[in-house]
Amino acid sequence: MLPPVLKTIPTHQLRLGMFLHQLTGSWMNHPFWRSRFLLRDARDIERIREAGIQEVVIDTALGLDVAPEAPAEAAPPPIAPSPAADTPAAAPPLPEPHPAIASAGPEYTAALDVSRRSLGAVVELFTQARLGQALDAQTCVPVVEDVMSSVSDKPNALISISRLKTVDDYTYMHAVATCALMVGLARQMGLPDDKVREAGLAGLLLDVGKAAITAIEPELLSKPGRLSDEEMALLRTHAKRGHEMLVKEGGFSAAVLDAVLHHHERIDGSGYPDALAGARIAPLARMAAICDVYDAVTSRRPYRAPWDPGEAMRHMAQAKGQFDPMIFQHFVKALGIYPVGSLVRLQSNRLAVIVAQGKDSLLKPRIKVFYTAEEQHRLSPAFELDLADPDAADKIVGVEPPASWRFQDLDQLWLE
C-alpha cells in the first residue's frame with residue numbers, strides 16, 4: 001500500500017480523478033456523508049464549491065495531482081482522458097435496489113435515503129479493501145451516525161428496508177443491515193451512545209474480510225450452488241482477514257476488532273475461527289453473531305430463498321447453544337416476536353403481514369390483513385388492524401411459511 005501524499009489545494013484546482021482526503025469544516029456541514037473519496041463525478045466538484053468550501057486536502061498517492069500549468073504564451077492543451085494507470089480503480093456502480101422498494105410509502109422515505117447513502121459508502125469501502133487501500137475508521141463514522149439517527153427516529157424502518165436485498169447487492173447491503181441491527185440492539189440494551197456507535201461500526205465492518213477473498217476468487221460470494229469444502233474453508237478465512245486488515249490500518253477499538261474476528265463463534269463452542277465458548281466470547285461479538293445470522297437467513301442468497309422474519313426469529317430461539325440467551329431476548333424486544341414483514345395467521349383464519357410493532361405488547365403489533373385462508377381468496381382492499389385495539393377482536397395464532405403460499409407481493413404489502 002502506498003503511503004499517503006497529502007496536499008492542500010484551493011477548490012478551483014479540483015479535477016476528476018483526484019482522491020479527496022479531507023474537506024474543511026465539520027462533516028455535518030458539507031454535502032457528503034464522508035470526506036475521503038475518489039472524485040469521479042463533475043457534480044461532486046460543483047457541490048463542494050457551492051458549499052463554500054475554499055480548500056481541500058488531496059492524496060496524490062491514491063489519485064491525480066494538480067494539473068500542470070500551461071506556459072504563458074502557449075494555448076492550453078486539449079482536454080484528454082487521464083491515463084487509466086494514473087487513476088485508482090473506481091468503485092463499481094451501485095446495484096439495482098430490490099424491486100419491492102419502488103412501492104415504499106412516505107414512512108420509509110428517510111430510511112431509504114440513509115440506506116442508499118450507506119450502500120454507496122460500503123461499496124466504496126469494500127472496493128478499497130479489495131484493492132489493498134487504507135481503511136480509515138473515521139471515514140466510517142458518518143455512516144454509523146446516519147444509521148444511529150435513523151434508528152432513533154423510526155426504530156424499525158431502516159432495519160426493515162435493509163432486509164430487502166437482491167442477490168447482487170447482498171454483500172454490501174448485509175453490512176448496512178447488520179449495522180442497523182447492531183445499533184437497534186445496543187439501544188434496546190440501554191448502552192451509552194459511544195457503545196452504540198461502536199456496535200454499529202462493528203456491524204458495518206464484520207464482513208470486510210470478504211473483500212480480500214473476492215480478489216482471490218471473484219465469483220465465490222455469488223456462486224449459486226453449494227460450496228465445496230475447499231471453497232468453504234476459504235470463505236471462513238474472512239473473519240481473520242478482516243481482523244488483520246483493520247489491525248494493520250489502526251484506529252479501531254479492541255471491541256470492534258474482536259467482534260470482526262469472532263462474530264462466527266457460538267456459545268457452545270461450535271463456531272470459528274477459535275472455537276470459543278461461553279464467557280470467552282466478548283459481549284460485542286455475541287451481539288454481532290445474532291445480528292449477522294438474522295440478516296443472513298432473512299435475505300435472498302444465490303443458493304436459497306429468504307426465511308420469513310417471524311420464521312427466522314422462531315428458529316433462532318430454538319437454536320440452543322448458538323446464541324447468548326439474554327442478548328437474544330433483547331434482540332426480540334428490539335425487533336418484535338413477529339418482525340415487520342412477517343406472514344402470520346390470525347385466529348379468524350385470515351392471513352396478514354406485520355406492518356409495525358405494538359407500543360405496549362410484542363404480541364399485539366399493527367398488521368395488514370389481506371387473505372382469507374378458509375376461502376382461499378384475496379381481500380380487496382386489504383386493511384390495517386391494530387391488534388392492541390380492544391375492538392380488534394382478533395389475534396395472532398402463528399407464523400406462516402411464505403413458501404407454502406407463494407404470494408408474490410408480501411414485501412409490497414408492508415411497505416405501502
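- Between I337 and V332 there is a side-chain heavy-atom pair separated by less than 4.5 Å.
- With respect to the salt-bridge test (charged N to carboxylate O, under 4.0 angstrom), the residues D193 and R187 qualify.
- Crowding of E374 atom CD: a count of heavy atoms from other residues, nucleotides or ligands under 6.0 Å not exceeding 12.
- Using a 4.5 Å heavy-atom threshold, the side chains of I367 and V353 count as separate.
- Taking NE2 of H174 as the start and CG of L204 as the end, the distance is 11.0 Å to the nearest 0.5 Å.
- Within the 4.5 Å cutoff, the side chain of L220 has heavy atoms near those of the L227 side chain.
- Between R117 and D146, at least one side-chain N (NZ, or NE/NH1/NH2) sits under 4.0 Å from a carboxylate O, which counts as a salt bridge.
- Taking a cutoff of 4.0 Å between a charged side-chain nitrogen and a carboxylate oxygen, R163 and D411 qualify as a salt bridge.
- Between the side chains of S253 and E198, a donor-acceptor pair is found at a separation under 3.5 Å.
- In terms of heavy-atom proximity, L234 sits nearest to E217 at CD2-CG, 3.5 Å.
- The six-membered or imidazole ring of H262 lies away from that of H243, with a centre-to-centre distance of 6.0 Å or more.
- Taking SG from C140 and CZ from F252, the interatomic distance works out to 5.0 Å, rounded to the nearest 0.5 Å.
- Contact check for D274 versus E265: side-chain heavy atoms found under the 4.5 Å cut-off.
- Salt bridge annotation for R241-E244: absent, with no cationic side-chain nitrogen under 4.0 angstrom from a carboxylate oxygen.
- Side-chain contact check for C179 versus V143: every heavy-atom pair is 4.5 Å or farther apart.
- Atoms OH and CZ, on Y338 and R314 in that order, are 10.0 Å from each other to the nearest 0.5 Å.
- I9 CD1 to I58 CD1: the interatomic distance, rounded to the nearest 0.5 Å, is 4.0 Å.
- Partner R286 forms a salt bridge (charged side-chain N to carboxylate O under 4.0 Å, His left out) with one of D292, D258, D324 and no other, that one being D324.
- Between E107 and K154, none of the side-chain N atoms (NZ, or NE/NH1/NH2) sits under 4.0 Å from a carboxylate O, so this pair counts as no salt bridge.
- The ring of Y108 has its center closer than 6.0 angstrom to the ring center of W414.
- Residues S342 and P309 share a closest heavy-atom pair of OG-CB, 3.5 Å.
- The pair D59-K7 does not meet the salt-bridge criterion, since no charged nitrogen lies less than 4.0 angstrom from a carboxylate oxygen.
- Ring geometry for Y272 versus H264: interplanar angle under 30°, hence parallel rather than tilted (30 to 60°).
- Remark: T298 OG1 to W307 CH2 distance equals 10.0 Å, nearest 0.5 Å.
- Atom-to-atom distance recorded for F370:CZ and R350:CZ is 12.0 Å, nearest 0.5 angstrom.
- Using a cut-off of 4.0 Å between Lys/Arg side-chain N and Asp/Glu carboxylate O, D409 and R378 are scored as salt-bridged.
- Contact of the F407 side chain with the P402 side chain is not registered, since no non-hydrogen atoms from C-beta on lie closer than 4.5 Å.
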Residue pair K210, D207: steps toward the salt bridge (charged side-chain N to carboxylate O under 4.0 Å, His left out) verdict: CA-CA 6 Å; K210 289 183 178 178; D207 285 344; 3.4 Å; yes
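- The shortest side-chain heavy-atom distance between I327 and F323 does not fall under the 4.5 Å cut-off.
- L201 pairs with exactly one of L284, V144, V147 by the side-chain contact (heavy atoms from CB on, under 4.5 Å) rule, that one being V144.
- At distances below 3.5 Å, not a single donor-acceptor pair connects side-chain atoms of D295 with backbone N or O atoms of A177.
- M189 places a side-chain heavy atom less than 4.5 Å from the side chain of M287.
- With sequence neighbours excluded, the residues forming a side-chain hydrogen bond (donor to acceptor under 3.5 Å, both in side chains) with D268 are S270, Q322, listed by chain and number.
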